[in-house]
Structures are given as structure tokens and as C-alpha cells.
Amino acid sequence: MEFYYITNDIQIAKICDENEIIPWIDLEALGKEERQKGMNTVKSNHNIQDIGIIKKVLNHMPLLVRINPINRNSENEINRVIEEGADIIMLPFFKSEEEVRVFLKLVNRRCKTMLLFETRESVEHIDQILCLDGIDKVHIGLNDLSLSYELNFMFELITNGTVDYICSKFNEYGLRYGFGGVARLGAGNIPAEYVILEHVRLYSSQAILSRSFCNSENYDSIETFRHEFEDSLYQLRQFYNGVKNSGELYRNNNHLFMKKMINELVLK
């Protein structure tokens, strides 16, 4: 399973690279503050110059860069991101086939592309979008997508069948896909064990390591961070390897129990 970690810190990027985690530079700023106002979400302060700096220290892993939604500056932004060394460009918060078409044309196969489905409109137009040529990977952004559907909790998208539907479409078009993020084992509103089993049930092959997985701001030294990060990652991978071939009944029972947990959290 492929994991991503958002950082523009050179030392942390090196740790990601050594542990086969894809580092992620996050340039998205347009409209994000307004959409996620009041939510405990990460607002990155990354810039285009970070791309070249981080790229130089990577020996094994590609570099993912999330750009802004399509706007009048997109051509310049995409060109600069590619020139700085991005290996994968992620397009967030699109609503139409035309926005994706513009994005793919501007990238023009100069690097890999990833679409972040996080609006209701993108789901409603999913077939028209996924049939476009030039898409390499896709991901479901649970935070913004739950806001788009006016839900109280992002994991409701798993219990109400929305994530199942989207993943079935990704699978139909033969694309590599994933959804949301995971915390460390035993942590988070929905512990990572249950979330990982949902990835297995839905044949997902990628996830973001969330801020609660290992927040660099909580450590007073890079070595302490490295120890916690690598230990948590080892446990997560061991768990995944242990359940990735689990039976359908086991996975479905996990789904039912997860639905119960989520419904109880929503009621609270």
C-alpha cells in the first residue's frame, strides 16, 4: 500500500524517502480557508520553491505536489511546478469535466497526474471525467467531500455508500485509487485498524498519513520524530500485511462495526 505525508521539511522528507513514503508539497490555498473554516484541518504554508529543495534530497520516492484548483494562473503554476521537479501533480476541488480537461492539457504528460475527488459535482460527473485520457491516479478527499454533501462527519461517506460507489467507478476505469487518511493504530476518532480494513474491503491502494499519525510539531527533536514515525509506520504496515488477505466475512463485519461507531459519533 502506498502512503503519502505532507511536509516541506527537508529532514522529514528524507525520513519519508528512506521509509518508502511519498512526500507531498501542498500549494493549495485558493478557497480552502473559507471551505474549511472552523474545522481542525491542516492549512499548509508551502511554496513553489519548496519543490526543488525537497526534490534534491529524494533518492527513492517521487514527489507529489498539490496545486490550486483551476484558475487564470493555472498554466503558469503548473509549468513552474513541473520545472521545479514535481513527479506527480494533484488537482483538487474540481467540479466539471472541463476543469479536468484543462488540467490534463496543461500538464501534457510531462509528469504523472492525480485527481482529488472532493466535490459533489465531481462525483455526479464521474464517468465523463474518468474517461479522459492522461489520468494516472485518483483519490477521494473525505473532508471537503463531506462538506459538499453537508454531512456532519467525513466518515459518513463510507457508511452511506458514497465511497463504495466512487471506488467502484475507479476500479471500473482501471485506475489506482485511495481515500482519506489514516492515524496511527489505536488513535483517531475511528482507529486506524478499522480504516485500514475498509481500504482492504474497497481494494484501495493508497492513503495519506494524517496529522494525528505523527505530527512533527509535537516533537522537540528530529530523532524523536524519526523514532515515533518509523515505529508507527512499522506497526501500520504489519497490521495491513496481516489483514490484506482477510476473508470477505471478516471485512464486512468490520464495515458493519465501523458504521455503528460512526453513527454513534454523529449522534453525539
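Quantities reported herein were computed from a predicted structural model and do not represent experimental measurements.
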Looking only at atom types and distance, does a side-chain atom of [X] sit under 3.5 Å from a main-chain N or O of [Y], one as donor and one as acceptor?
X    : Y    : result
T119 : F94  : yes
N8   : D50  : no
N215 : R211 : no
D17  : N59  : yes
S246 : V243 : yes
S146 : N152 : no
H46  : D26  : yes
S210 : G181 : no
S74  : N71  : yes
D231 : H227 : no

Mind checking side chain to side chain donor-acceptor pair (under 3.5 Å) for [X] and listing every partner two or more places apart, or none if nothing turns up?
X    : answer
E172 : none
D87  : K55
R101 : E97
R251 : none

Between I158 and F179, does the side chain to side chain contact (heavy atoms under 4.5 Å, CB included) criterion hold? Intermediate values first, please. CA-CA 10 Å; I158 293 177; F179 59 89; 3.8 Å; yes
Would you say the rings of Y5 and F213 are close, in the sense that their centroids are separated by under 6.0 Å?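 Aromatic pair excluded; centres sit 6.0 Å or further apart.
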Please determine whether side chain to side chain donor-acceptor pair (under 3.5 Å) holds for the pair E156 and T159, giving the CA-CA distance in whole Å, both sets of side-chain angles, and the decisive distance to 0.1 Å. CA-CA 5 Å; E156 286 183 86; T159 62; 5.8 Å; no
For the residue pair Y194 and F257, categorise the inter-ring angle as parallel (less than 30°), tilted (30 to 60°) or perpendicular (more than 60°).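 Tilted, since the angle between the ring planes falls between 30° and 60°.
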Give me the ring orientation class for F225 and Y219: parallel if the planes are under 30° apart, tilted from 30 to 60°, perpendicular past 60°.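 Perpendicular, since the angle between the ring planes exceeds 60°.
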Between [Y] and [X], is there a side-chain heavy-atom distance shorter than 4.5 Å?
X    : Y    : answer
D220 : T224 : yes
Y250 : L197 : yes
R176 : E2   : yes
E28  : P69  : yes
R110 : I78  : yes

For residues 123-135, which residue pairs pass the side chain to side chain donor-acceptor pair (under 3.5 Å) check, not counting sequence neighbours?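 Of all non-adjacent pairs touching residues 123-135, those that pass side chain to side chain donor-acceptor pair (under 3.5 Å) are R109-D133, D127-K169, D127-Y173.
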Find the distance between [atom1] ([X]) and [atom2] ([Y]) and round it off to the nearest 0.5 Å.
X    : Y    : atom1 : atom2 : value
I126 : S168 : CD1   : OG    : 7.5 Å
R120 : D144 : CZ    : CG    : 15.0 Å
R237 : E230 : CZ    : CD    : 10.0 Å
E98  : K105 : CD    : NZ    : 9.0 Å

Could you please spell out the steps behind the side chain to side chain contact (heavy atoms under 4.5 Å, CB included) verdict for N47 and I25? CA-CA 8 Å; N47 59 65; I25 297 290; over 6 Å; no
Could you list the residues that satisfy salt bridge (charged side-chain N to carboxylate O under 4.0 Å, His left out) with E228, not counting sequence neighbours?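 Salt bridge (charged side-chain N to carboxylate O under 4.0 Å, His left out) check on E228 returns R184.
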Count the heavy atoms of every other residue, nucleotide or ligand shown that sit under 6.0 Å from CD of E248, and state whether that count exceeds 12.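 Result for CD/E248: open.
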Give a yes or no on whether Q235 atom CD has more than 12 heavy-atom contacts from other residues, nucleotides or ligands under 6.0 Å away.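 Enclosed.
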Under 4.0 Å between a side-chain nitrogen and a carboxylate oxygen: does that hold for E223 and R226?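 Salt bridge flag = yes for R226 with E223.
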Are [X] and [Y] connected, step by step, through hydrophobic side chains (Ile, Leu, Val, Met, Phe, Trp, Tyr) whose heavy atoms are closer than 4.5 Å?
X    : Y    : result
Y4   : I21  : no
L115 : L64  : no
Y177 : I22  : no
I70  : V100 : yes
F103 : L130 : yes

Under the side chain to side chain contact (heavy atoms under 4.5 Å, CB included) criterion, do M114 and L91 qualify, and how do the steps go? CA-CA 6 Å; M114 177 184 281; L91 177 68; over 6 Å; no
At their closest point, which heavy atom of [X] faces which heavy atom of [Y], and how far apart are they?
X    : Y    : value
I135 : L175 : O-CD2, 3.5 Å
A183 : L236 : O-CD1, 4.4 Å
K112 : D136 : CA-OD2, 3.2 Å
L116 : G141 : CD1-N, 3.6 Å
P23  : M61  : CD-CB, 4.2 Å
H139 : A207 : CE1-CA, 4.1 Å

Does either side chain, that of T162 or that of N160, offer a donor lying less than 3.5 Å from an acceptor on the other one?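 Indeed, the side chains of T162 and N160 share at least one donor-acceptor pair under 3.5 Å.
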Apply salt bridge (Lys or Arg N to Asp or Glu O under 4.0 Å) to the pair E83 and R80, showing each step before the final yes or no. CA-CA 5 Å; E83 288 167 5; R80 289 191 64 195; 5.8 Å; no
Side chain to side chain donor-acceptor pair (under 3.5 Å) evaluation trace for E118 with N143: CA-CA 8 Å; E118 52 183 352; N143 265 331; over 6 Å; no
Only one of V107, N76, I67 forms a side chain to side chain contact (heavy atoms under 4.5 Å, CB included) with V81, so which one is it?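 Considering V107, N76, I67, a side chain to side chain contact (heavy atoms under 4.5 Å, CB included) with V81 is found only for I67.
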Apply side chain to side chain donor-acceptor pair (under 3.5 Å) to the pair H60 and E20, showing each step before the final yes or no. CA-CA 7 Å; H60 310 289; E20 298 183 337; over 6 Å; no
Start with the C-alpha distance between F117 and F170, add both sets of side-chain angles, then the distance that settles ring pair (Phe, Tyr, Trp, His ring centres under 6.0 Å), and finish with yes or no. CA-CA 11 Å; F117 282 76; F170 292 162; 5.3 Å; yes
Let me see the working for M258 and F155 under side chain to side chain contact (heavy atoms under 4.5 Å, CB included), right down to the final yes or no. CA-CA 9 Å; M258 191 170 172; F155 282 113; 4.0 Å; yes
